[in-house]
Each structure stands twice: as structure tokens, then as C-alpha cells.
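Chain letters run A, B, ... following the sequence lines, proteins first and then strands; every chain starts at 1.
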Amino acid sequence: MAKKKTGGAITIATWNVNSVRRMADALRHFTGQQAPDVIAMQETKVMDELFPRELFNELGYTHQAVAGQKMHHGVAIVSRVPFERSEALSWCGKQDKRHVSVTLPGNVELHNFYVPSGGDIPDPKLNEKFDHKLRFLDEMIAWSKRRRKMGVRAVLVGDLNIAPHENDVWSHKQLLKVVSHTPVETEAMARLYEAGAWVDAVRHIIPADKKLYSWWSYRSPDWDAADKGRRLDHVWVTPDLKTGVTHAAVERTMRGHSPASDHVPVMVKLETGA
DNA sequence: ATGGTGGGTACCCCA
């Protein structure tokens, strides 16, 4: 029997593209260079009817699960390998498109999330957006506990809009009161991590003492030299998949591509046993 | 302490 193209391994990328239609050229470049099997995108900013299916067909990503809306949010998973089912869940009783999932070969669920960014003021009483972010995380915690009890093999990816550790930000001290790195957020993320027994696949490969970012603000001139980044984009796996994680990379060069998203792709190679 | 840039859309919201 012919061996599968993936050889039992699958490469998954997560990327907040900040408008999928505008990023066609960047997506061509990225897939030409890295050719991940699966791309999970956030902030596609397009209704499903207008999603650029043909672009991804051309690039070989003919399997597509989209959950978009006009203007804001929107997530999608495109794949070179077939997936079995897809589902888009609603969170916090809102219609925001912030989740889509598929079941990959090897019976591995892939969940793609776009967590609310949380606005500017890190106080849920003064800022409804921050309150929404914390409630969204609470729902993810309850959801993770249920999945864990069910024993689901899963990969959780996405723009989680939190940089959890000191070396996930350019300055731990200077960002303690900045939304994305406040203790209330990093503690919520720690609870989420615990609730699902998640393993940070990227930090499993890249040591925790190494500075690592996936996002650089548009507002910072000379992003590369200043390097005031944050690691907001994550790939987590359930414990049974931990030893299967053999490679992880952050595609920093895509931040310098024109046009650029303010986020870059984060990739993991995973042995699924498929 | 402030304002800095960018996307989508429609003269302003969101990141």
C-alpha cells in the first residue's frame, strides 16, 4: 500500500490574517515556502459567500471550513488533507464568528479560535470588551473540562489574544497593565490550560527562556528593529499528542511581507498515527 | 502621557 503523503505527520499553521481577501499574495508566498497541510485562519473579515475559495483551491487547499461574517472576526480552516466533519460553535450567546473545528485524519479534532481582544482598559466593570474576553475564556474553560472528560484527541489553535509568559512579551514589567498580558488574563489562561490538560506545542519545542513573538503592532515604526512583540497565537495539543510534536516555528518573515498582517503564522508538525 | 497604523466600510468602528 502506498504511503500517505503526510507519512502520518501533519503540519498545521495558525494565522490571524487580518482580512483573507487582502492577503492573497502573502498566502501564496507563505504556502509556496512552507506548504503546511492545514491552515487555520482568524480575522478573515468576509462573509462565507465571498470567501476566496478559488485561491485556496489553486494552492491545493481544496478542503475548506469557513465561518465568516461581514467586516469583523471570522475564522476558517483550509486543508490539503480531507477532514471528516466541521462545526462552528457560538460563544457568550453572541453571533460573532470566533470558532470553527474539523476532524482530521487520525481522529484528531482541530479547534480554531479567535478570542476577543478585550479593548484597552483591563477592567471588566469599566470595559465591556474586557468583560467579554474574560467570559469567553470562562466558557472555553468549561468546554475544555467537558472535552477532557470525554477523552477527545485534539489540537487547539488560534489567536488567543493573550501572551501568557514573561518571554512571550518584549517587556514583562511594562506590559503587566496592558491588555493581553495582565495577571487576570494570564491567570485565566493558566486555568484554561489546566482545565483541558493542554500542552503548549510551540513551547514544547522552543524553550521557555527564549523570547518568542507572533504579533507586532502596526503602530510601532520599524517593528523588526524595535521588536516590541507579543506571542498571542498558540498551538496546544492534548497530552496523548505531546510526544508527536516534532517541530514548531514562527514565520517572522511574513511580518515584513507586503501586505502584512500584524500577526505571523505559527506552525507545528505533529505525528498523528494516521 | 500620548499617539502612533492599518482594515473594512461608509464617514466611524475595530484591532
Could you go through residues 148-160 of chain A and list every donor-acceptor pair under 3.5 Å that involves a side-chain atom there, pairing it with any protein atom two or more places apart or in another chain?
residue, atom, partner, partner atom, Å
R148(A), NH1, E194(A), O, 3.0
R153(A), NE, D240(A), OD2, 3.1
R153(A), NH1, G106(A), O, 2.7
R153(A), NH1, T272(A), O, 3.4
R153(A), NH2, T272(A), O, 3.3
D159(A), OD1, N161(A), N, 3.0
D159(A), OD2, N16(A), ND2, 2.9

Compile the donor-acceptor pairs under 3.5 Å between side chains in residues 87-96 of chain A and protein atoms, sequence neighbours left out, one pair per line.
residue, atom, partner, partner atom, Å
S90(A), OG, K94(A), O, 3.1
W91(A), NE1, L89(A), O, 3.3
D96(A), OD2, R98(A), NE, 3.1

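- Every residue two or more places apart in sequence or in another chain that forms a ring pair (Phe, Tyr, Trp, His ring centres under 6.0 Å) with Y193(A) is listed here: W236(A).
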(request) Report, as a single string ordered 5' to 3', how protein heavy atoms within less than 4.0 Å touch nucleotides 5-15 of chain B: B base, S sugar-phosphate only, - not at all. (result) BSSSS----SB

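- dT2(B) and dG6(B): their P atoms are spaced 23 Å apart (whole Å).
- dG3(B) and dA15(B) have their C1' atoms separated by 15 Å, given to the nearest Å.
- Shown here are the side-chain contact (heavy atoms from CB on, under 4.5 Å) partners of T253(A), two or more places apart in sequence or in another chain: E251(A).
- With both ends at atom C1', the span from dC14(B) to dT9(B) equals 11 Å, rounded to whole Å.
- R252(A) meets the salt bridge (Lys or Arg N to Asp or Glu O under 4.0 Å) test with D224(A), D227(A); sequence neighbours excluded.
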